[in-house]
Amino acid sequence: MNTQSQSTDDLRDLYRELILDHARSPRHFGKLESTSHQAEGINPLCGDKLRLYLKIDADQTISAVNFEGSGCAISVASASLLTETINGLSTERALDYYANVVYLLTGVDAANPEIRLDLGKLKALEGVREFPSRVKCATLAWHALHSAINNTNDTVSTE
Ligand code: ZN
């Protein structure tokens with residue numbers, strides 16, 4: 001076995017484990033009682049449906065974030081990773097993550113991240129790019145985040 005592909009495989013296994021772990025035991029799961037912003041995301045193509053709850057303080061810090069809903073492993077894992085990532089951040093930085101994750105998953109510069117962030121664990125989502133039909137599963141929670149922060153209170157649909 002050649003060592004180069006070995007390390008790539010190891011990384012893939014690690015990412016796969018991370019996704020499965022978050023899908024099985026989603027973090028920050030359940031309704032948030034005191035919420036200031038929320039949005040719903042639906043992906044009819046796959047049947048993913050989630051609602052994202054945020055508590056945004058006067059200084060624009062996200063002091064709490066939760067989600068509830070149901071969907072495939074990728075949509076749930078992505079939402080779970082989102083909550084871990086943005087909890088405690090400013091809304092501005094959370095939107096930077098939104099732009100970076102959409103860019104990571106779609107390669108589309110529509111999000112045009114002005115700041116390139118170190119995505120850490122979120123890089124685990126990159127493997128989804130190999131499955132174009134699943135990209136919307138992975139971006140769903142992030143579009144809901146964008147909608148919630150902008151307080152449009154709309155349902156985000158991928159279709
Ligand atoms: Zn899905």
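In each ligand, atom 1 is the first atom listed, and ligand 1 is the first ligand listed.
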Q.
Under the rule for salt bridge (Lys or Arg N to Asp or Glu O under 4.0 Å), what residues qualify as partners of Asp118, not counting sequence neighbours?
A.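 Asp118: salt bridge (Lys or Arg N to Asp or Glu O under 4.0 Å) contacts with Lys123.
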**Q.** Cation-pi geometry met for Arg93 and Tyr98 (6.0 Å, 45°)
**A.**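 Checked: cation-pi criterion not met.
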Q) Do we see a donor-acceptor contact under 3.5 Å between the side chains of Tyr53 and Glu33? A) no
Q) Can you name the residues that form a side-chain contact (heavy atoms from CB on, under 4.5 Å) with Lys55, not counting sequence neighbours? A) Leu32, Ser34, Asp57, Ser63, Ala64
Q | Near the Zn ion (ligand 1) (under 2.8 Å) - protein N, O or S atoms | A | Cys46 SG, Asp48 OD1, Asp48 OD2, Cys72 SG, Cys137 SG
Q. Atom NE2 of His146 and atom OG1 of Thr91: how far apart are they, to the nearest 0.5 Å?
A. 11.0 Å
For residues 126-139, which side-chain donor-acceptor pairs fall under 3.5 Å, sequence neighbours excluded?
{"unit_1": "Arg129", "atom_1": "NH1", "unit_2": "Leu104", "atom_2": "O", "d": "3.1"}
{"unit_1": "Glu130", "atom_1": "OE2", "unit_2": "Arg12", "atom_2": "NH2", "d": "3.3"}
{"unit_1": "Lys136", "atom_1": "NZ", "unit_2": "Glu159", "atom_2": "OE2", "d": "3.2"}
{"unit_1": "Thr139", "atom_1": "OG1", "unit_2": "Val135", "atom_2": "O", "d": "3.3"}

